[in-house]
Amino acid sequence: MSPEISVSTNEHKVLGACPHDCPDTCSMVITVRDGIAVKVQGNAEHPATAGALCTKVSRYTERSYHPERMLHPLRRTGPKGSGQFEQVTWDEALSDIAARLQAIAARDPQAIQPYSYAGTMGRVQGEGMAARFFNQLGAARLDRTICASAGAEALTQTLGHKVGMRVEFFAESQLILIWGSNAIASSVHFWRHVQTAKRNGAKVICIDPRRSETAEKCHQHIALLPGTDAALALGLMHELIVNDWLDHDYIARHTLGWDALRTRALEWTPERTAEVCGITVEEVQGLARDYGQSARAGQATAIRMNYGLQRVRGGGNAVRAIACLPALVGAWRQRAGGVLLSSSGYVPVQAAALERPELLAGRTPRTINMSTIGDDLLRPASPEFGPAIEALIVYNSNPVAVAPESAKVVQGFARDDLFTVVLEHFQTDTADYADYVLPATTQLEHWDVHSSYGHTDILLNRPSIAPLGQARSNAQIFRDLAHHMGYTDPVFAESDESLCRTAFGDQVDFDLLLTRGHAPLPVPEAPFADGGFPTPSGKCEFFSARLAARGDDGLPNHVPNFEPAGADPRYPLAMISPPARNFLNSTFVNVQSLRSIEGEPLVEMHASDAAARQIADGDVVRVFNGRGTHECVARVCERARPGVVNGLGIWWRKLGRDGTNVNELTSQRLTDMGRAPTFYDCAVEVVRV
Ligand SMILES: Nc1nc2c(c(=O)[nH]1)N[C@H]1C(S)=C(S)[C@@H](COP(=O)(O)OP(=O)(O)OC[C@H]3O[C@@H](n4cnc5c(=O)[nH]c(N)nc54)[C@H](O)[C@@H]3O)O[C@H]1N2
Ligand SMILES: Nc1nc2c(c(=O)[nH]1)N[C@H]1C(S)=C(S)[C@@H](COP(=O)(O)OP(=O)(O)OC[C@H]3O[C@@H](n4cnc5c(=O)[nH]c(N)nc54)[C@H](O)[C@@H]3O)O[C@H]1N2
Ligand SMILES: [Mo]
């Protein structure tokens, strides 16, 4: 046998799906040699992936075979947070965990709190088996607000659902506004479409307080102050009205509340808008001219709205205001026009079949908001709150690093009377506080099925290698826990592979997934070309009777930040903390090749703000406010605008200079809609150490 042949006999390729929290949801091809995954590449046959992965995920083997991978169950031996553990068997761990949970459940199962987010976005390793387990137990529920719920609710109130343009049609747009997104870092496959459009002559404008990697590659960058996006959108409407760059026919037939919105928008003169947004009158007028005149000329005008603008007090209102713009100019008439925030409303997930709410047997446990976990872990029992949280089961999330106001989160996790179980790949900041750490499989080692919030395909992930060490999939761990708890309902016997089929039932061609790895959803090309919004009125709701009925403003408005730049002389700078390009939230921070690109935790400052504080590039600084202090390095650069500092996230606390990260500074106050966190609504001061 020649060496080539023997290589090819031992080598094969497996189709997988990227599990990470990112709108691109790529199809991956894993090359396996002698049972070892040697390469992870983008699938050239999946149109949305187009054969390319981001830098992070192309390092997936480095992450999966990381020398620090969690390979055995661990039990804590030292104080909470010390990271001291001993190895135990699965049976010891599961028996003890089941006994502890049963003792709490006998008093009140609502004292047991699941905590999870999007470490994997898979339907099977996400909420499938875990939800069944917690439903049977009657555990408290989790309001999963930490990322997208402000925009989700706002979009639903305005357009009717989390739906919009199809991402691939941005390639045909003639004007693109990238609003609150660093797409080159966080959605590089969308950026590919923007480049196509640019080559065909499209103008691209970025609206972002930070001169991001994306902003610097656009034709224009409008660096407004954080939390002023609704004001800018209203100011644009003002100009669309006074210059009559409106599609009166579309407005009359397919919108609700135009007269009221018109009155509101006319309050937002370019001068007032510029003042509130911290930009020039010309920037307001120029943007309105580009948007209004290109639509008037029959060109496709598209807005990629994203999450950056939602993480402030008025985040919901900002999304509502921006979501009104395409209807005003009739942009929806074309498939390359409109707005895209999320496509997840198109996904036909069979939630009840996956999660089995009937296991609750009529109980309605309390719900805890994941964004206020710091406060809630410290809350004593009371008639309003119910029992204190006595047990916490964390999977697919690293709350000690990612949740706001870390000092309180850490204090909560450090409670000696709290029983904490963490399912993880690594010894994260959160795992340091666990009583038990259970080793989970990575995407290379388990089955899963994925939808996207950017494109509109479903993807299957097949395991390409055997689980490393004693790792088990999340679903397997919850199945095993159910067994140790004595749960006998057959729903706890369903395999991971079968759960993949259950997730979308007959809404998706599973045979196609098995053979090709991806299957498209039937989504219209121009969803609102002729109206048909999935709102109660069937129209784009400028005015929302649903919001008005609950006492909120029925119209979108500018809601100023809790902590606007310059308002508090003690903390005069506004801090935003968008993700660093080479991390995915706090995932990949421990992958050396990626961490060395990012260097160390830093805060970007404009030269004028730095000079006023005698801070030079590279100085060690203390960033602080009334909630805490975070030490890092100052990078004096043009990425920061005056008055705003950018603390790139999300580092592991234990890798920070003083054992903190940016969330030491952020607050637990919530957005106007969707009960979401306000990470980018955060006043600070910076001093040289
Ligand atoms: N490389 C990488 N990719 C990621 C992630 C990651 O951590 N790293 N995270 C993933 C996740 S969980 C999410 S939710 C998405 C997020 O993806 P996007 O929603 O596209 O957001 P980001 O790319 O984080 O960019 C947010 C931008 O908003 C800007 N911004 C901050 N405040 C404001 C404001 O008030 N108004 C406006 N207009 N802009 C503002 C920031 O400066 C930043 O450039 O990305 C996903 N993709
Ligand atoms: N200051 C600031 N804070 C932020 C943000 C910000 O922009 N600024 N962004 C916010 C946003 S948008 C989000 S979405 C949240 C993200 O918060 P999280 O969803 O908690 O995301 P990660 O930090 O990536 O942590 C995910 C963890 O899940 C683990 N994991 C991955 N796959 C699996 C698996 O199959 N099984 C198990 N058991 N574990 C797995 C990973 O190892 C990782 O430690 O952070 C929020 N926090
Ligand atoms: Mo997110």
Side-chain angles (χ1 to χ4, degrees), residues 19-24 54-56 63 70 115-122 125-126 146-148 151 178-188 190 206-215 222 224-229 232 304-312 314-315 318 322 341 370-371 394-399 401-404 422-426 428-431 438-443 445-446 448 453 471 473-474 477 561 574-590 639 644 646-650 652 661-663 665-666 677 679-682:
H20 289 294
D21 189 351
C22 167
D24 293 10
C54 66
T55 319
K56 306 177 291 298
R63 185 175 185 278
M70 189 77 61
Y115 195 101
S116 73
Y117 201 63
T120 167
M121 304 253 333
Q125 311 307 339
I146 204 157
C147 173
I178 301 181
W179 203 322
S181 174
N182 182 8
I184 289 183
S186 63
S187 179
V188 70
F190 159 72
C206 185
I207 303 171
D208 192 317
R210 176 172 186 249
R211 191 161 185 83
S212 66
E213 293 87 341
T214 307
I222 299 182
L224 79 184
L225 286 167
T228 62
D229 300 275
L232 182 57
R304 182 66 170 117
M305 172 165 41
N306 237 306
Y307 297 97
L309 59 96
Q310 305 175 22
R311 311 200 192 292
V312 294
I322 296 165
L341 170 60
M370 70 187 304
S371 302
V394 181
Y395 54 104
N396 299 342
S397 186
N398 184 9
V402 307
V422 176
L423 285 60
E424 252 302 346
H425 299 152
F426 293 106
T428 59
D429 289 328
T430 304
L438 303 178
T441 46
T442 69
Q443 192 77 344
E445 300 148 60
H446 56 226
D448 217 329
Y453 56 97
S473 75
N474 288 350
I477 295 172
N561 276 7
M575 185 189 81
I576 58 174
S577 48
R581 179 174 184 174
N582 291 288
F583 303 150
L584 195 296
N585 300 319
S586 77
T587 304
F588 295 103
V589 176
N590 62 329
R639 292 218 187 272
V644 181
N646 314 319
L648 301 191
I650 308 173
W652 285 16
N661 70 14
V662 282
N663 280 320
L665 305 162
T666 54
F679 291 114
Y680 303 171
D681 186 344
C682 177

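Numbering of ligands and ligand atoms starts at 1, following listing order. Quick note: residue numbers are just sequence positions, from 1. This structure is a prediction, so every number in the text was calculated from the model and none was measured.
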Exercise for review: Could you tell me whether ligand 2 has any atom less than 4.0 Å away from a heavy atom of Leu438?
Suggested key: no
Check your understanding: Hey, does Lys56 sit under 4.0 Å from ligand 1 if you only count heavy atoms?
Key -> yes
Exercise for review: Nearest heavy atom to atom 29 (C) of ligand 2 wins, so pick from His425, His446, Glu424.
Suggested key: Glu424
Exercise for review: Pick whichever of Cys206, Pro209, Gly180, Cys22 has a heavy atom sitting closest to atom 30 (N) of ligand 1.
Suggested key: Pro209
Practice item. Return the minimal non-hydrogen interatomic distance between Thr587 and Arg63, and the atom names on each side. Key: CG2-NE, 3.4 Å
Point to revise | Close approach of Ala318 to ligand 1, heavy atoms, under 4.0 angstrom | key: no
Revision key, fill the gap. for atom 45 (O) of ligand 1, nearest protein heavy atom and its distance come out as Ser186 CB, 3.4 Å
Check your understanding: At a 4.0 Å cut-off, with the gap strictly under it, does some heavy atom of Phe426 reach an atom of ligand 2?
Key -> no
Revision key, fill the gap. Residues passing the side chain to side chain contact (heavy atoms under 4.5 Å, CB included) test with Pro578, sequence neighbours excluded, are Arg210, Ile576, Leu648, Tyr680
Point to revise | Expected output: side-chain Gln310 to main-chain Gly151 donor-acceptor under 3.5 Å | key: yes
Check your understanding: Near Trp179, which atoms of ligand 1 are under 4.0 Å from a heavy atom of that residue?
Key -> 38 (N)
Practice item. Say whether Cys147 and ligand 1 are in contact under the criterion: heavy-atom distance to a ligand atom below 4.0 Å. Key: yes
Exercise for review: Can you sort out which atoms of ligand 2 are near Ile650, meaning under 4.0 Å from one of its heavy atoms?
Suggested key: 3 (N), 4 (C), 5 (C), 9 (N), 45 (O), 47 (N)
Study note, to complete from the structure: Nearest non-hydrogen protein atom to atom 25 (O) of ligand 1, with distance, is Asn182 N, 3.1 Å
Point to revise | Distance-only polar pair, side chains of Asn396 and Thr120, donor-acceptor under 3.5 Å | key: no
